[in-house]
Amino acid sequence: MPELPEVETIRRHLEAVLPGRRVTAVELRLPKLLRAEPGRALSDLVGQVVLAVGRRAKLLLLDFSGDQSLVIHLKLTGQICHQTVSGERRCGGHPVPAFDAPLPHKSTHLTVTFDDGGTLLLTDIRQFGQLRLVSSGAVPALLADENYGPDAFDPALTPGMLAAQLRRRANARLKPVLLDQTVIAGLGNIYVDEALYSARLHPLRTPASLSADETACLLDGIRDALDHGLRQGGFTIVNGRARPLDGYPRVHGLAGAPCPRCGTPVVKTTVGGRGTYLCPRCQPTPA
DNA sequence: AACTACTCCTGGAGGC
DNA sequence: TGCCTCCAGGAGTAGT
């Protein structure tokens, strides 16, 4: 499930290879994924040059010459691969199909070809992903409409800022609040579970109940989870089951496994309709 | 304000 | 082996 680290990982790959490249062909095989501004078509990208590869929250932002921007949301199962003419491939996002599987896959919905023979492929098994084609000048307004909170990866985010954001939903349950992109942008189900575990906070705690120290621990936990995710190029979770690498993730997708801190079996429960993993000893249920 | 349920969709896993 | 059901979840929306 692509969250901030998965999107940031692929953004860094693309930033290294795409700027300066000219589009020679675009093929969209699943038209419903695209929402284009009136009068715009993906074919408008042909002949344009990639100017920049950005990210806001879980959105990947591709800026092209000719006042064109492609905004991509990978949702649950989106995957982006860049393949060079010699077949070298870098992938990010959902790990199904496998990153080394033959491409295009039957669920590869978008292929963009560049003047060096490289291709950018968007594959999405569940077809929830979204592509938006807008004028570059419209991107700030598009992002403003989303009303995103501070980026979870922003080093300038302080415990005080996080506390202020959390207070906007002071009496709601902590986990759904952290999943709310207008509170803090970029977290999804996996990283919220990991951050709460790290901070020893039960997902049913409320923001109002958090001490300043607990909020600071939560921010540390968010950063710790994101850092490990980035270092691994994203956590590999397939059908809710984790494949831990170097001990991460520590609880998400690991029901029954021993808590890395105390050995108590990790418990799976549901919070706000989301599968939720926690250590019942390290993260005591609120009264 | 907060919460639940439903929607989009496919494929992997488990039961029998 | 194979059919069936359940489940995964980002995010929007509708209803309580």
Side-chain angles (χ1 to χ4, degrees), chain A residues 1-8 10 29-35 55-60 71-80 92-99 101 104-110 122-132 142-143 145-149 151-152 165-196 203-209 225-226 229 234-243 249 251-256 266-277 286:
Chain A
M1 299 94 230
E3 304 179 30
L4 189 157
E6 287 77 5
V7 179
E8 179 63 16
I10 191 62
R29 296 200 291 184
L30 190 65
K32 72 168 185 179
L33 293 189
L34 178 67
R35 276 193 290 155
R55 180 189 61 76
R56 177 72 172 105
K58 302 171 192 170
L59 291 176
L60 186 67
V71 180
I72 302 173
H73 196 311
L74 297 175
K75 291 291 181 81
L76 277 76
T77 56
Q79 171 189 115
I80 286 180
H94 190 64
V96 176
F99 288 161
H105 181 268
K106 68 176 178 180
S107 293
T108 297
H109 309 306
L110 175 73
L122 172 66
T123 303
D124 185 351
I125 290 172
R126 284 176 222 170
Q127 307 177 10
F128 286 178
Q130 288 181 354
L131 294 170
R132 276 180 279 185
L142 182 152
L143 296 178
D145 281 351
E146 299 287 346
N147 196 25
Y148 285 127
D151 202 277
Q165 286 298 103
L166 293 176
R167 273 197 293 274
R168 295 173 45 218
R169 297 186 57 184
N171 297 310
R173 299 173 300 184
L174 195 49
K175 175 158 180 173
V177 173
L178 291 171
L179 288 170
D180 182 343
Q181 302 297 298
T182 71
V183 172
I184 180 167
L187 299 178
N189 204 33
I190 301 166
Y191 292 90
V192 167
D193 279 1
E194 293 297 307
L196 290 172
L204 294 181
R205 292 282 300 272
T206 63
S209 77
L226 293 177
F235 292 147
T236 300
I237 312 275
V238 176
N239 290 317
R241 286 163 183 77
R243 300 172 188 174
V251 289
H252 188 92
L254 296 168
V266 169
V267 166
K268 184 187 179 194
T269 177
T270 299
V271 177
R274 314 275 170 184
T276 297
Y277 299 83

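In what follows, every chain begins at residue 1, and chains take the letters A, B, ... in the order their sequences are listed.
Closest approach of A:Pro249 to A:Ala242, counting heavy atoms only: CG-CB, 3.8 Å. The shortest heavy-atom contact between A:Asn189 and A:Leu179 is N-CD2, 3.5 Å.
Side-chain N/O atoms of A:His252 include one lying less than 4.0 angstrom from OP1 or OP2 on C:dG9. In terms of phosphate contacts, A:His73 brings no side-chain nitrogen or oxygen within less than 4.0 Å of OP1 or OP2 of C:dG10. Dashed line: the shortest gap from a side-chain N or O of A:Asn171 to OP1 or OP2 of B:dA1 is not under 4.0 Å. Side-chain nitrogen and oxygen atoms of A:Arg173 include at least one within less than 4.0 Å of the OP1 or OP2 phosphate oxygen of B:dT4. The side chain of A:Lys75 places no N or O atom within less than 4.0 Å of a non-bridging phosphate oxygen (OP1 or OP2) of B:dT7. Between B:dC8 and A:Gln127, no contact under 4.0 Å exists linking OP1 or OP2 to a side-chain N or O. Between A:Lys32 and the phosphate of B:dC9, there is a side-chain N or O to OP1/OP2 separation shorter than 4.0 Å. For the pair A:Lys58 and C:dA11, the criterion of a side-chain N or O lying under 4.0 Å from OP1 or OP2 is met.
Going from atom CG of A:Leu30 over to atom C1' of B:dT10 covers 12 Å, rounded to whole Å. In this structure, the CD1 atom of A:Ile125 is 20 Å from the P atom of C:dC7, given to the nearest Å. Here the C1' atom of nucleotide C:dG9 and the CG atom of A:Leu74 are 14 Å apart, to the nearest Å. For A:Leu178 and C:dG9, the CG to C1' distance is 17 Å, given to the nearest whole Å. Atom C1' of nucleotide B:dA5 and atom CZ of A:Arg274 are separated by 12 Å, given to the nearest angstrom. Across the protein-nucleic acid pair, A:Phe128 atom CZ and C:dA11 atom C1' stand 10 Å apart, rounded to whole Å. Atom OH of A:Tyr148 is separated from atom C1' of C:dG12 by 12 Å (rounded to the nearest Å). If you measure from atom CG of A:Leu76 to atom P of C:dC7, you get 16 Å, rounded to the nearest angstrom.
Here the straight-line distance linking atom CG of A:Leu122 with atom CZ of A:Arg29 works out to 11.0 Å at 0.5 Å rounding.
Between the side chains of A:Ser107 and A:Asp124, no donor-acceptor pair is found at a separation under 3.5 Å.
Counting non-hydrogen atoms under 4.0 angstrom, A:Gln130 reaches nothing in the nucleic acid. Among the atoms of the strands shown, none is found under 4.0 Å from any heavy atom of A:Gly273.
Salt-bridge check for A:Asp151 with A:Arg55: passed, with a basic side-chain N closer than 4.0 Å to an acidic carboxylate O.
When distances run from any side-chain atom of A:Arg169 to the nucleotides B:dG11, C:dG9, B:dA2, the shortest one goes to B:dA2.
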